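To keep things clear, I will list the structure first and then write my remarks on it.
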2 protein chains.
Amino acid sequence: MAERSENGRKNDPEQTKEDILLVATQEFSTHGLAGARVDSIAEKTRTSKRMIYYYFGSKEGLYLAVLEQSYRKIRSLESDLHLSNLEPEEALRTLISTTFDHDEANPDFVRLVSIENIHHAAHMLRSEAIRDLNVSVIETIAGILERGFDHGIFRRKADPIDIHMMISAFCFFRVSNRYTFGTIFRRNLSDGDTIERHRGMIADAVVSYLKS
Amino acid sequence: MAERSENGRKNDPEQTKEDILLVATQEFSTHGLAGARVDSIAEKTRTSKRMIYYYFGSKEGLYLAVLEQSYRKIRSLESDLHLSNLEPEEALRTLISTTFDHDEANPDFVRLVSIENIHHAAHMLRSEAIRDLNVSVIETIAGILERGFDHGIFRRKADPIDIHMMISAFCFFRVSNRYTFGTIFRRNLSDGDTIERHRGMIADAVVSYLKS
DNA sequence: GTCTATAAAAGGATAGAC
DNA sequence: GTCTATCCTTTTATAGAC
């Protein structure tokens, strides 16, 4: 009555799906939606192409699953910060560092978002899971801005979504445009010193903007 | 001895190439490199698929030509500003507005750069024309920062490339991530009021950063 | 649930005439 | 320089056995 797999684990659907998703995330983020090859994904998986269609229906279905999983991962990160105990400027700097480090650590996610924008966010629109994304970041920022203004620390009443955009833009661009920017200006944006300097820079910029 | 075309123009190679490039720019920026279809491009052109291969050799050759032409267009814009006559803060604000308006007015270019980043800037690296891009923006910014610091207007000695990145990031992201950002936060970034507010915002942020 | 083999279609590229 | 027709590889997707 021996099981089939060598690792002593019997056929595990969840495990198989996870495996496919992991490989697919890599493939889509490297080649884009149209550029990704189902065959390549299947080869790098410990299962076969047939299973991809069995579980995900189509190439697009797989892409959507990859996208949803990627967004689900960040959603969880954002909520566990507990910034309301910190004084406003410190809370904001912590939030910014978190966003910065997240993008730096997750180039695959950044690339998937870029790809989704190429496609006018069409898949994201179709996915309730993603569309109903926790926009708790905005509430967090709104709270910080309000407290900061009341305490006289920030002189400017800014829109929280605008501030979130300013932070995202900087953190995202560094990763998304790494290659073209690096090529033109001959600068390696993933270099350790550069990372440190940029992390401080975006925080200082946002804070000084709010204080001015 | 009648000419062939109805418009009284005889076969014009340059015109034909231009026509193909225009359509191809649209197609590549909308669907990405792999997603673009040579057949679709040919259909929308007043010439045939054969001519695309005749002039550009391959789909990749056409893509590279599109990319080069797009970069050539901005290069010319950046140089005709004559900012050295303006006082530093005004010069910087003018430069920022120009970048902002350029990205807003050229979503195709922004998308092509995003696509090129998906491909690790591989084509850009192969193209001398693009690699030797005029980096005069950096010299311009360096000059402004120096003058501003000497005049006591800016208190911070910042790296010109970093400042250029900060400006680019904001202006670029607004356009490149328009769809995903708009979907999640239910905000139209190409709305007139938003554009005005954002144009002022990035300028204020950079200036206050340098003054802090 | 999983595999091998294969169908079906799409899309990049070219032949050859004018 | 330009056109029509076509080749042929690549790639998505499925059939059918176990």
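All values derive from a computational prediction rather than experimental measurement. In what follows, every chain begins at residue 1, and chains take the letters A, B, ... in the order their sequences are listed.
- Of all non-hydrogen atoms in A:Glu116 and A:Tyr63, the two that sit nearest each other are OE1-OH, 2.7 Å.
- B:Ala36 comes within 4.0 angstrom of the backbone, heavy atoms only, and of no base.
- Listed for the A:Asp19 side chain is no donor-acceptor partner under 3.5 Å among the backbone atoms of A:Thr45.
- If you measure from atom CD1 of A:Ile41 to atom C1' of D:dT10, you get 16 Å, rounded to the nearest angstrom.
- Looking at heavy-atom distances under 4.0 Å, A:Arg50 makes contact with a base.
- Between B:Met51 atom CE and D:dG1 atom P the separation is 8 Å, expressed in whole Å.
- Considering only side-chain N and O atoms, B:Tyr53 lies nowhere under 4.0 angstrom from the phosphate OP1 or OP2 of C:dT14.
- Close to C:dC3, at under 4.0 Å from its OP1 or OP2, lies a side-chain N or O of A:Ser48.
- Note on B:Thr47: a side-chain N or O is less than 4.0 Å away from OP1 or OP2 of D:dC3.
- Checking A:Phe170, A:Phe173, A:Phe100 one by one against A:His198, the ring pair (Phe, Tyr, Trp, His ring centres under 6.0 Å) holds for a single residue, A:Phe170.
- Within the 4.0 angstrom heavy-atom criterion, only backbone atoms of the sugar-phosphate kind lie near A:Tyr55; the bases stay farther away.
- Here C:dG12 presents its P atom at 6 Å from CG of B:Asp39, a figure rounded to the nearest Å.
- Where A:Gly57 and B:Tyr54 meet DNA chain D, the nucleotide closest to each residue was compared, and B:Tyr54 sits on the side nearer the 5' end.
- The side chain of A:Ser58 lies closest to D:dA13, out of D:dA13, C:dT2, D:dT12.
- The pair A:Asp191-A:Arg197 does not count as a salt bridge, with every side-chain nitrogen at least 4.0 angstrom from each carboxylate oxygen.
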